[in-house]
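Here's the structure we're looking at; comments come further down.
One-based numbering along the sequence shown. Only a predicted model underlies this, so the values are computations on that prediction, with no experimental measurement involved.
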Amino acid sequence: MNIIKTELESQPLAETLDSEKAIIAQKNGDISLVYLNSSKLLSLRLDQEPVQVELYQSNIYVLTKPFRKEVSDDSEESEEILANNLLAAKKTGVTLWKIAIHENSLEIETKREKTGGFVIHDDKLYACNVLAYGFYILNPDLEEVEKIEVKIKVDGRTPWYSSIKIIDDTLFLIQEENQIRWFKLGDTIEEMGIIVPEFPHMTSFISINSGPKQLFKVDQQIVGTVSSGNPYVITLRKNESIVAIDPKKMFSLKYKELFSIINKLQAKTDRYALAMDKYRIVVTDSKLKETVYAFSFTEPNETLYLTRISVFENYVICFAWTNQGKYPVIIFDMTEPEKPTIINVINCGKKTGEIKIEEDI
């Protein structure tokens, strides 16, 4: 296990990884690259706050928004500061950066303004338009290939959220709290309709405190999660429309009666799924039918609170924190789902003691 310290102490806001490296985006704008099974670290600082980070080939793509500007008590808030702070308050980023990975450095290659949440698919970036309902198709150099505008009537508001997910040949565009637009991808892009909750008073696609999190394909169903609030399942009904229904009708697995797995689902691969609460990670089979293993991370002096996890094949990256300002990012190997093994610990805050995996019995 390698223990690595970032150049400056700052809370991580987004992480991602592949089979060779991990990327950590910190609140102060630092972007750090760590190679798995190595202590090598490369870093670069942006002048904005990261919202989303993704890896593709030898490049890092980072979505950011402005830092909030403070206003002194004896001065009025200018229009410029007001506009900046309105963007800083958004649940989405507004600037997309492309950063090249070199052998011993990271380098900003280009950036694109007025661009929101994005996904990388088939050598293209699908990125939200933050000024109007719709999205852009970009090449890997962030050049616009096509602009897709929604055809179904909108109320004219500027989107407050921006998130795009692609599962198989379906693109889901999330720019509103209680609606998801869906499109079929092919030689042309076809706008299919709007997904609405089966019970609007019970189901919201986006919680009031956070933007949308993930969409997962579980068996033949599409499961959506939010940072806080109820998950939902998107499914066909009589082949006429797509609606979101209560997932507890389909996924009933619980962990020790402590929580429903579907309510805590965080990540999924073809081999396993991961659910997580504040203290532990629960590994299940990929169809959410059976619990395989459950564990927590321990640190000698403090309780570690778990916040989020992301997966790539057999590798998982997890952000944890403590009350005393420790922000470890833990990378572990899930080749054997019942025997997770820590590979790297990256200290983004104060230095931690030795972190170990402890089975939750």
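For F297 and F295, the gap between ring centers is short of 6.0 Å. Here F172 and W182 keep their ring centres 6.0 angstrom or further from each other.
Counting non-hydrogen atoms of other residues, nucleotides and ligands closer than 6.0 Å to NZ of K5 gives a total above 12. For E80, the CD atom sits in a loose shell: 12 or fewer heavy atoms of surrounding residues, nucleotides or ligands are nearer than 6.0 Å. When the shell of 6.0 Å around CG of D123 is examined, it contains more than 12 heavy atoms from other residues, nucleotides or ligands. By the 6.0 Å contact criterion, NZ on K114 is open, its count of non-hydrogen atoms from other residues, nucleotides or ligands being 12 or less. Remark: K256 NZ is packed, more than 12 non-hydrogen atoms of other residues, nucleotides or ligands lying under 6.0 Å away.
Heavy-atom minimum distance, A100 versus N59: CA-OD1, 3.6 Å. L306 and D277 get closest at one heavy-atom pair: CB-O, 3.9 Å.
Counted by atom type alone, T352 and N347 present one or more donor-acceptor pairs between their side chains at under 3.5 Å.
The line from OG1 of T170 to NZ of K165 is 15.0 Å long, rounded to the nearest 0.5 Å.
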Could you check Q48 against T64 for side chain to side chain donor-acceptor pair (under 3.5 Å), going step by step and ending with a plain yes or no?
CA-CA 6 Å; Q48 294 195 347; T64 64; 2.6 Å; yes
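A distance-only check finds a donor-acceptor pair linking the side chain of D18 to the backbone of E20 [under 3.5 Å].
The salt bridge (Lys or Arg N to Asp or Glu O under 4.0 Å) test with R181 singles out one residue from E190, E176, E149, and that residue is E176.
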